[in-house]
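See structure below.
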Amino acid sequence: MEKRIPVKELLQSTGFGKDVHVKGWVQTKRESKNVAFVALNDGSTVHHLQIVVDVSSFSEETLKNIHTGASIAVTGTLAESQGQGQKVELQARHIEVYGTADPEKYPLQPKRHSMEFLREIAHLRPRTRTFGAVLRIRHAMAFAVHKFFNDRGFFYLHTPIITGSDAEGAGEMFRVTTLDPVDPPLNEFGTVDFTQDFFGKETNLTVSGQLEGELGAMALSLIYTFGPTFRAENSNTARHLAEFWMIEPEMAFYDLEDNMNLAEDFLKYLVQYALEHCLDDLQFLDNRLQEEEKNKKQEDRSPMGLIEKLKFVVENQFERLTYTEAIDILIKSKPNQKKQFVYPVSWGTDLQSEHERYLVEKHFKKPVILTNYPKHIKAFYMKQDEDGKTVRAMDVLFPGIGEIIGGSQREENYDKLYSRIQEMKIHEESLWWYLETRKYGTAPHSGFGLGFERLILFVTGMGNIRDVIPFPRTPQNAEF
RNA sequence: UCUUCCUUAGCUCAGUCGGUUAGAGCAUCUGACUGUUAAUCAGAGGGUCCCUGGUUCGAGCCCAGGAGGAAGAGCCA
């Protein structure tokens, strides 16, 4: 095949008069008597290349087949554009139509579509500018995650996707089995006999790579995982997926403060990377959001544009405070005094969305890191504070997103960890390997989990998590 | 899982008090137009009013059940 030049490259080119090949999908065609203009996109950039077609030198059939959605290859001369909207255009000499898209049936029209409609055609939505922008940013963020950790001496550890333990209790799990669902083998108690299953035991899709990640950190010092994670929770919100991607670094010899510093550096690095490498796409999404804002009531409008918001995060220190201090602020807050909170505030109860939003969006107006939560509302593996009441947990809360990172310093003392397992009635048999890290060469260590899609949600300014992953998996939906 | 709202043309939506042939904008098609930028102008085609049952002389509209979707909440990342 003839070597194509990506649209992104051509738009930056000044080699006017050169002969080039370009291939892509038609976004729109504007036709008049003598000349037609085709906006061509190949996904390399959010911008289109304008193809100028001299109507008299092409067959009627070719012209007819060039419509929204069609895939074409164009040979022509790169020229300085006579029109207003672009610097570069391609004067077409030869056009090959690879594939047509019947305009009567092709669902994507040269007009604005709702996100709900585009979710129904998730197989085609990457062709829209919005999803193209989101997917390019998603790629850049994945790359930046690896670059960040690699540059700091972290090793990428592949933790298992199929697990044999429900250790963390992070949520409902998806069972993995090859047993006959209609007639499974039963044991003497009349329940399913998993010893006859593929792995000889009950297995599930992972809800977190953390516990295995800790094993890696106890040897390589600095590791991170980045992989798919599954939760069978019946969560129907704009912030939850049944299948999502999670990044979980785990660091030996890090205490809670080291952990917070890493988390803050990491988030700022990622946002900065997006600003440096995806500015075109961010600008497009920013404009798109501003259009949407115009349809909102004054009080619902966000005070900052997308790019402005991203710069703000990079340039400002995250606010750090303890759970106890946060409760104090909430108790003294206006909405609490006026009894506007649905859920009452008191020490010992978990913070509700409305409380987190108040702290982040009203009180501090910036990202917040909350630490030292009461131990009974946090996981068994978190390191206990000297007061016996709290643990060294930290949650990073972002405006509009809520909890984007959850992490902690881990309990490295065998006896303390073991007694927590007993207290919380966790199956210790399935955790024997985890407990051995505390028996043999235990060391202080910390880690956190970042929901990748929640990061993308923040960076792109999109409103629903189903629109920042190519093929969302949610309750009642596994199409495509 | 709970609460609230929604489902009418390909898309986004209007549809009055239950009343004759269900509308608009965009998209599509046809024509016009000397370079357009979501082109413009003129015209045309396009409907299982989500499904099932009920009330009624008569249902897009009222009632019951079901399906799907959205927002918020819970759970969390």
Side-chain angles (χ1 to χ4, degrees), chain A residues 27-39 47-56 64 67-69 79 81-86 89 91 101-121 129 168-172 207-210 228-248 263 291 295 300 341-343 350-357 377-379 395-398 401-407 448-458 463-469 474-477 479:
Chain A
Q27 300 297 311
T28 58
K29 181 176 69 168
R30 294 178 292 275
E31 208 170 2
S32 61
K33 198 172 184 179
N34 301 320
V35 65
F37 300 93
V38 176
H47 300 297
H48 304 326
L49 176 68
Q50 173 156 287
I51 312 291
V52 184
V53 182
D54 179 5
V55 170
S56 60
K64 214 183 157 200
H67 38 229
T68 301
S81 182
Q82 298 168 33
Q84 289 297 308
Q86 59 286 313
E89 64 186 22
Q91 309 275 356
D102 185 348
E104 302 270 7
K105 291 176 184 158
Y106 185 61
L108 288 174
Q109 301 161 356
K111 57 164 284 188
R112 185 173 284 272
H113 294 292
S114 67
M115 288 296 130
E116 290 82 0
F117 173 67
L118 292 174
R119 261 169 238 155
E120 291 169 17
I121 51 165
R129 293 177 103 182
E168 209 203 341
E172 292 295 310
V207 292
S208 164
Q210 181 201 313
T229 311
F230 307 88
R231 305 271 167 94
E233 296 286 351
N234 191 9
S235 296
N236 294 285
T237 82
R239 303 183 309 282
H240 290 86
L241 290 165
E243 177 182 297
F244 64 101
W245 289 67
M246 190 152 62
I247 298 140
E248 295 175 288
E291 287 294 312
N295 300 325
D300 295 336
F341 286 136
V342 177
Y343 294 87
D350 209 353
L351 296 178
Q352 304 297 318
S353 291
E354 57 179 352
H355 306 141
E356 293 181 352
R357 291 190 65 151
I377 57 172
K378 288 291 180 184
D395 282 0
V396 182
L397 309 178
F398 260 36
I401 310 284
E403 186 180 343
I404 195 166
I405 277 180
F448 61 81
L450 168 70
F452 187 54
E453 283 75 17
R454 289 196 180 169
L455 170 80
I456 308 301
L457 214 46
F458 181 75
N464 192 310
I465 202 161
R466 291 161 207 173
D467 301 326
V468 297
I469 187 168
T474 52
Q476 300 299 316
N477 185 9
E479 196 68 50

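Chain naming here is simple, since letters A, B, ... match the order of the sequence lines and numbering starts at 1 in each. As the structure is a prediction and not an experimental result, all values here were calculated from the model.
- Nucleotides B:U36 and B:A44, compared at atom P, are 28 Å apart to the nearest Å.
- Partner of A:I405 under the side chain to side chain contact (heavy atoms under 4.5 Å, CB included) criterion, out of A:L455, A:L397, A:V396, A:I247: A:V396 alone.
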Decide side chain to side chain contact (heavy atoms under 4.5 Å, CB included) for A:V52 and A:V35; before the verdict, give the C-alpha distance in whole Å, the side-chain angles of both, and the deciding distance to 0.1 Å.
CA-CA 7 Å; A:V52 184; A:V35 65; 3.7 Å; yes

Take A:T68 and A:Y106 through the side chain to side chain contact (heavy atoms under 4.5 Å, CB included) test and state the conclusion after the steps.
CA-CA 8 Å; A:T68 301; A:Y106 185 61; 4.1 Å; yes

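- A:Y343 comes within contact range of the sugar-phosphate backbone alone, with a heavy-atom separation under 4.0 Å but no base atom that close.
- Under 4.0 angstrom from either OP1 or OP2 of B:G74 there lies no side-chain N or O belonging to A:N234.
- Comparing the C1' positions of B:A24 and B:G47 gives a spacing of 15 Å, expressed to the nearest Å.
- The side chain of A:R239 places an N or O atom within less than 4.0 Å of a non-bridging phosphate oxygen (OP1 or OP2) of B:A73.
- B:A22 and B:A32 are spaced 32 Å apart, taking the C1' atom of each and rounding to whole Å.
- No side-chain heavy atom of A:F244 sits less than 4.5 Å from a side-chain heavy atom of A:R454.
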Both atom distances under 3.5 Å, Watson-Crick or G-U wobble: I'd like the secondary structure of RNA chain B as a dot-bracket string, with | for pairs made across strands.
(((((((..((((.....[...)))).(((((.......))))).....(((((..]....))))))))))))....

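- Annotation: B:U8 and B:C61 have their P atoms spaced 13 Å apart (nearest Å).
- Using a 4.0 Å heavy-atom criterion, one finds that A:T237 contacts the bases of the nucleic acid, with or without backbone contacts as well.
- Between the side chain of A:S235 and the base of B:C75, at least one donor-acceptor pair of N or O atoms lies under 3.5 Å.
- Atom P of nucleotide B:A27 and atom CZ of A:R30 are separated by 12 Å, given to the nearest angstrom.
- For the pair A:L241 and A:E453, the minimum side-chain heavy-atom distance is below 4.5 Å.
- For the P atom pair drawn from B:A77 and B:G69, the interatomic distance equals 25 Å after rounding to whole Å.
- Atom-to-atom, NE2 of A:H47 to P of B:A38 comes out at 13 Å; the value is rounded to the nearest Å.
- Backbone-only engagement by A:R466 is indicated by non-hydrogen atom pairs under 4.0 Å involving sugar-phosphate atoms exclusively.
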Could you list, one pair per line, each protein nitrogen or oxygen that sits under 3.5 Å from a nitrogen or oxygen of nucleotides 31-35 of chain B, together with the distance?
unit_1	atom_1	unit_2	atom_2	d
B:U34	O4'	A:N34	ND2	3.2
B:G35	OP1	A:S32	OG	2.8
B:G35	O6	A:Q82	NE2	2.9
B:G35	N1	A:E89	OE2	2.9
B:G35	N2	A:E89	OE1	2.5
B:G35	N2	A:E89	OE2	3.1

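- Among the atoms of the strands shown, only primed sugar atoms or phosphate atoms (P, OP1, OP2) are found under 4.0 Å from some heavy atom of A:I404.
- Rounded to whole angstrom, the span from the CG atom of A:N477 across to the C1' atom of B:A67 amounts to 14 Å.
- Under a cut-off of 6.0 angstrom, the local environment of CZ in A:R119 is crowded, with over 12 non-hydrogen atoms contributed by other residues, nucleotides or ligands.
- In this structure the side chain of A:I465 never reaches within 4.5 angstrom of the side chain of A:T237, judged on heavy atoms.
- The shortest heavy-atom contact between A:G69 and A:A101 is C-CB, 3.7 Å.
- For B:A9 and B:C2, the C1' atoms lie 36 Å apart once the distance is rounded to whole Å.
- Taking only side-chain nitrogens and oxygens, A:Q352 never comes nearer than 4.0 Å to OP1 or OP2 of B:A73.
- Distances shorter than 4.0 Å separate some side-chain N or O of A:R119 from OP1 or OP2 on B:A70.
- At a threshold of 4.0 angstrom between heavy atoms, the contacts of A:Q84 include nucleobase atoms, whether or not backbone atoms are also involved.
- Remark: ring of A:F244 stacked against base of B:A77; centroid gap under 5.5 Å, plane tilt under 30°.
- Within the 4.0 angstrom heavy-atom criterion, only backbone atoms of the sugar-phosphate kind lie near A:I405; the bases stay farther away.
- Side-chain contact between A:H48 and A:R129 is present, with heavy atoms from C-beta onward closer than 4.5 Å.
- Between B:U1 and B:G53, the two P atoms lie 27 Å apart (nearest whole Å).
- If you take CD of A:E354 and P of B:G74, they are 7 Å apart, rounded to a whole angstrom.
- Side chains of A:Q352 and A:V342 form no contact here, defined as non-hydrogen atoms less than 4.5 Å apart.
- Checked against the 6.0 Å centroid criterion, the rings of A:H355 and A:Y343 do not qualify as a close aromatic pair.
- A:M246 has its side chain out of reach of A:Q210: every pair of non-hydrogen atoms, C-beta onward, lies at least 4.5 Å apart.
- Residues A:K29 and A:K64 each lie close to RNA chain B; by heavy-atom proximity, the contact nearer the 5' end of the strand is made by A:K64.
- Between the CD atom of A:E172 and the P atom of B:U1 there is a distance of 12 Å, given to the nearest Å.
- Of all heavy-atom pairs spanning A:D395 and A:K378, the tightest one is OD2-NZ, 3.2 Å.
- Not a single donor-acceptor pair under 3.5 Å links the side chain of A:H67 to the backbone N or O of A:K29.
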Nucleotide by nucleotide, 5' to 3', does protein get under 4.0 Å of the base (B), only the sugar-phosphate (S), or neither (-) in nucleotides 2-12 of chain B, counting heavy atoms?
--------BBS

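- For the pair A:K105 NZ and B:G46 P, the interatomic distance rounds to 16 Å; values are reported in whole Å.
- Look at NE2 on A:H240: it is 16 Å from P on B:U1, rounded to the nearest Å.
- In this structure, A:D102 places its CG atom 14 Å from C1' of B:G46, rounding to the nearest Å.
- Using atom P as the reference point in both B:A27 and B:A73, the two lie 37 Å apart (nearest Å).
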